[in-house]
Participant: 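Below you'll find the structure I mean.
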Amino acid sequence: MQQLEQDIKAALSAAIQQVFGATVAAEQLVMQPTRKEFAGTFTLVTFSLTKSLGKSPEQIGQALGEWLAANESRVSGFNVVKGFLNLEIGDSEWLRQFAEMLARPDNAPVPSNGPQRVVVEYSSPNTNKPLHLGHLRNIFLGYSVAEIVKATGATVTKANLINDRGIHICKSMLAYQRFGQGETPQSSGIKGDHLIGKYYVLFERHYREEIRQLEAEGVAQDIAKRQAPLMTQAQQMLLQWEQGDEEVLALWKQMNGWVYEGFDETYRTIGVDFDKYYYESETYLLGKERVEEGLQKGVFFRKDDGSVWVDLKEEGLDEKLLLRADGTSVYITQDLGTAELKYQDFNYDSSVYVIADEQNYHMQVLQGVLHKLGKPYAEAIHHLSYGMVDLPSGRMKSREGTVVDADELVQEMVDTARRTTQELGKIEGLSSEEAEQLYHTLALGALKYFLLKVDPKKRMLFNPEESINFQGNTGPFVQYTHARIAAIMRKATELGLTGGQIDGLESLHETERDAVQLLAGYPGVVAEAARLLAPSILVQYVYEVAKAYNRFYTEVPVFGEPDEPKRRFRVALSAQTGRTLKAGMRLLGIMVPERM
RNA sequence: GGUUGUGUAGCUCAACUGGAUAGAGCACCUGACUACGAAUCAGGAGGUUUAAGGUUCGACUCCUUACACGACCA
């Protein structure tokens, strides 16, 4: 398909040379897919040629169309509408394309000239509370981007940088010491990450109570916030942690361990994985060497109080603190260290950070600083920035208890899938394990599809009632199409209609042609999604494919077709559609069922 | 205050990066199961693309200036 488009462009360029004696490079031609209300596959926009050729758009279109119809065998016809030359591709070419895609192995990498060694960092949670809906958008994006890039043949590492140290986890630890009474995930039956989250909430509640009391005693609010005993103790605990206090470290390890068990279970449930874990407790000191390097190179400067800064005004940013006066590191210091470490580990030519858009500025600074340091990998850093997920009630706020918990959400989706499936009653013959597996597949399909459908940089709205939808442009719609095809294939196998050569066909039904054309575009779509780090492009594509197939399905019979070659072709088209849907959905992290 | 993102049908989102009459889904109406799976398909209705200027053969897209919402930086 990509090849075909290039060939057509080259032919057009030749035609311009022949007919008008002018030279226009193939890359300069403006081509687009033909809109579906017109006949054709490719459309040349001729407006842009009027100046150089000195003719009207219609004349140009007519002349070029005639030339191509006569000289390019794959162009079977054309029509000119105003400044648009619509080129029709013959069915014999589509059948050739179809045979080509049948021969393509499932795991063949799609052609692309993108980066070869890629690190995708995503999830990167704090260890003081369980994952919520916002994390899910991050995780699904990261996982899908990694899989898409992998499909272009690149070596991809999925990395998770766990923020396991800092004041937040100390808050949970302190509250646990105070109120925990030795409770464990085992003794309480609470999942580890939720248990730690419970103490984080407890901390916040008691902390607020302390502030209120201090304020009642006449202390100003900002002072009260700093002086509340719980806060000073949490700070104290962080200090003890940094000094290696054994008791604190033991508690820290124990509680983080619980959180990791909880996270792992969630990751397993939602079907994502990682190749490499980084822990901030192990990397947070690394950045100081980079700061030293920058001072030596003279790109950073030290202020009188001893703090180290970088001046990024020329880059349109600001002066930025890199190291505090007391020598302790700030966020950016750690990130400098981690970037270097990742580069040492994987020698990447692209490093993708899936991080919410509230950190846009921070990421610009990171890149700017690496640039100043002359790091070869500064250019390789890509911030895949995504917007927050809002609820109908507004922004999710953990302090106000309005977050949508990831585990609960998945469970609700599974329940909905179960209810819907049982109402439709089409899965007799599945064991109860298989049925549960199916509900899970459908639930996650709906959720992932919903979150990946939207352009990452846009904020999106999640309405719990409306978003759990199984009709229309949804994951289950695509999954349903696959299940439908699977049913066709089961019957085809019984009838012995699978495999073998597709020949003896001359023309295609309109719906067949549309489907073949779409299917031929698959490698190009994956390459584009990889280039733009945009799963939403692939979501749009699988939806188009499923729609095209469903239209074909209702308009032409497969087994009722008397003509044997047609019957075989339709089975093969179904099979190829099924393969493509499965492959595309897999890159989105979504499984497709054989029946539902 | 500074920087930056977003604004498209009642709702949730597209629009191939400047091209044709701005497209889908949901919700709302109308049709299609004795057929290979109706979680489907076909059709209807729904728009001054926040507003006003500008650039040109042509603007949702680019440039100004407002307005609204968000985020970040003091």
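Heavy atoms only: backbone and side chains are in, while hydrogens, waters and symmetry mates are out. Below, read A as the first sequence line, B as the second, and so on, with proteins coming before strands; counting in each chain starts at 1.
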Participant: When we call it a touch if two heavy atoms are under 4.0 Å apart, what does A/Asn463 touch: a base, just sugar-phosphate, or nothing?
Facilitator: nothing
Participant: Examine B/U21: is either OP1 or OP2 under 4.0 Å from a nitrogen or oxygen in the side chain of A/Lys82? Give yes or no.
Facilitator: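 True: A/Lys82 side-chain N/O within range (under 4.0 Å) of B/U21 OP1/OP2.
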Participant: When the distance from NE2 of A/His362 to C1' of B/G5 is rounded to whole Å, what number comes out?
Facilitator: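 So the two atoms are 18 Å apart, to the nearest Å.
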Participant: Going by an N to O cut-off under 4.0 Å, is there a salt bridge joining A/Arg531 and A/Glu528?
Facilitator: yes
Participant: Between B/A38 and B/A32, how far apart are the two P atoms, rounded to whole Å?
Facilitator: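 These two P atoms come out 15 Å apart once rounded.
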Participant: Paired with B/U48 by Watson-Crick or G-U wobble geometry, both distances under 3.5 Å: which nucleotide is it?
Facilitator: none
Participant: Expressed as a whole number of angstroms, how long is the span from A/Phe552:CZ to B/C36:C1'?
Facilitator: 10 Å
Participant: Of all the nucleotides listed (B/C13, B/G19, B/C36), which has the minimum atom distance to the side chain of A/Pro557?
Facilitator: B/C36
Participant: Determine whether any donor atom in the side chain of A/Thr43 lies under 3.5 Å from an acceptor atom in the base of B/A20, or the reverse, and answer yes or no.
Facilitator: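 For A/Thr43, whose side chain was compared with the base of B/A20, there is a donor-acceptor pair (under 3.5 Å).
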Participant: Flag the pair A/Lys225 and A/Asp222 as a salt bridge only when some basic side-chain nitrogen lies within less than 4.0 angstrom of an acidic carboxylate oxygen.
Facilitator: no
Participant: Give A/Leu424 one of three labels, base, sugar-phosphate or nothing, depending on what nucleic acid heavy atoms sit under 4.0 Å from its own.
Facilitator: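 Result for A/Leu424 = base.
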Participant: Side-chain N or O of A/Lys453 versus OP1/OP2 of B/U12: is the shortest distance under 4.0 Å?
Facilitator: no
Participant: Whole angstroms only, please: what is the CG-C1' distance between A/Asp390 and B/C13?
Facilitator: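 Result: 15 Å.
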Participant: Whole Å only: how far is the CD atom of A/Glu544 from the P atom of B/C41?
Facilitator: 12 Å
Participant: In whole angstrom, give me the gap between the P atoms of B/A68 and B/A15.
Facilitator: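 So the two P atoms sit 28 Å from each other.
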Participant: Using whole Å, report how far CZ of A/Arg595 lies from C1' of B/C36.
Facilitator: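 Atom CZ in A/Arg595 sits about 14 Å away from atom C1' in B/C36.
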Participant: Can you check whether A/Arg35 has a side-chain N or O nearer than 4.0 Å to OP1 or OP2 of B/G23?
Facilitator: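 So the side-chain polar atoms of A/Arg35 do come within 4.0 Å of the phosphate oxygens OP1 or OP2 of B/G23, strictly under.
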Participant: Quick one: label A/Val454 by what it contacts on the DNA or RNA (base, sugar-phosphate, nothing), any heavy atom closer than 4.0 Å.
Facilitator: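 Sugar-phosphate, backbone atoms only, no base.
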Participant: Taking 4.0 Å as the cut-off, does a side-chain nitrogen or oxygen of A/Lys458 come that near to OP1 or OP2 on B/U12?
Facilitator: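 Negative; the distance criterion is not met.
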Participant: Between A/Lys320 and A/Trp309, is NZ or CZ placed under 6.0 angstrom from the six-membered ring centre and within 45° of the ring axis?
Facilitator: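 The answer is no; the distance or angle limit is not met.
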Participant: What nucleotide, of B/G37, B/G19, B/C26, holds the atom closest to the side chain of A/Asn469?
Facilitator: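 Of the candidates, B/C26 comes closest.
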Participant: Choose from B/A38, B/C41, B/G23 the nucleotide whose nearest atom is closest to any side-chain atom of A/Lys36.
Facilitator: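 For the A/Lys36 side chain, the nearest candidate turns out to be B/G23.
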Participant: Is a salt bridge present between A/Glu564 and A/Arg567, judged by a nitrogen-to-oxygen distance below 4.0 Å?
Facilitator: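 Result for this pair is yes, salt bridge flagged.
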Participant: Between B/A51 and B/A45, how far apart are the P atoms? Round to whole Å, please.
Facilitator: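 So the two P atoms sit 24 Å from each other.
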Participant: Got a donor-acceptor pair under 3.5 Å from the side chain of A/Asn550 to the base of B/A42?
Facilitator: no
Participant: Is the shortest side-chain N to carboxylate O distance from A/Glu436 to A/Arg418 below 4.0 Å?
Facilitator: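 The answer is yes: the pair qualifies as a salt bridge.
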Participant: When we call it a touch if two heavy atoms are under 4.0 Å apart, what does A/Met388 touch: a base, just sugar-phosphate, or nothing?
Facilitator: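 The answer is nothing, as A/Met388 stays clear of every strand by at least 4.0 Å.
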Participant: Give me the distance, rounded to whole Å, that separates B/U21 from B/C62 when you measure between the C1' atoms they each carry.
Facilitator: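 So the two C1' atoms sit 23 Å from each other.
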Participant: Using whole Å, what does the distance between atom C1' of nucleotide B/C72 and atom CG of A/Leu366 come to?
Facilitator: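 Those two atoms, CG and C1', are 16 Å apart.
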Participant: Does A/Tyr543 stack onto the base of B/A24, taking stacking as ring centres under 5.5 Å apart and planes under 30° apart?
Facilitator: no
Participant: Need to verify one output field. Residue with the more 5' nearest nucleotide on RNA chain B, A/Val558 or A/Val81?
Facilitator: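 The residue mapped nearer the 5' terminus is A/Val81.
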Participant: Expressed as a whole number of Å, how far does the C1' atom of B/U61 sit from that of B/G1?
Facilitator: 30 Å
Participant: Quantified in whole Å, what is the C1' atom distance between nucleotide B/A71 and nucleotide B/U65?
Facilitator: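 Taking atom C1' in both B/A71 and B/U65, they lie 23 Å apart.
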Participant: Would you kindly give the CE-to-P distance between A/Met363 and B/C72, to the nearest whole Å?
Facilitator: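 Roughly 16 Å, once rounded to whole Å.
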Participant: Taking 4.0 angstrom as the limit, do A/Asp390 and A/Arg395 come out as a salt bridge?
Facilitator: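 No.
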Participant: Taking only the P atom of each, what is the distance from B/C60 to B/A20 in whole angstrom?
Facilitator: 9 Å
Participant: Can a cation-pi geometry be assigned to A/Arg484 and A/Tyr553, taking NZ or CZ under 6.0 Å from the six-membered ring centre and within 45° of the ring axis?
Facilitator: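 Yes; both conditions hold, so A/Arg484 lies above the ring face of A/Tyr553.
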Participant: Using the P atom on both, measure B/G10 against B/U50 and round to a whole Å.
Facilitator: 12 Å
Participant: Of the nucleotides B/A20, B/G19, B/A24, which one has an atom closest to the side chain of A/Ser48?
Facilitator: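 Closest nucleotide among those given: B/G19.
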Participant: Is there aromatic stacking of A/Phe84 against B/G19, centre distance under 5.5 Å, plane angle under 30°?
Facilitator: no
Participant: Picking from B/G19, B/A14, B/C72, which would you name as closest to the side chain of A/Phe47?
Facilitator: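 Nucleotide nearest to A/Phe47's side chain: B/G19.
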Participant: Would you kindly give the CD1-to-C1' distance between A/Ile60 and B/C57, to the nearest whole Å?
Facilitator: 12 Å
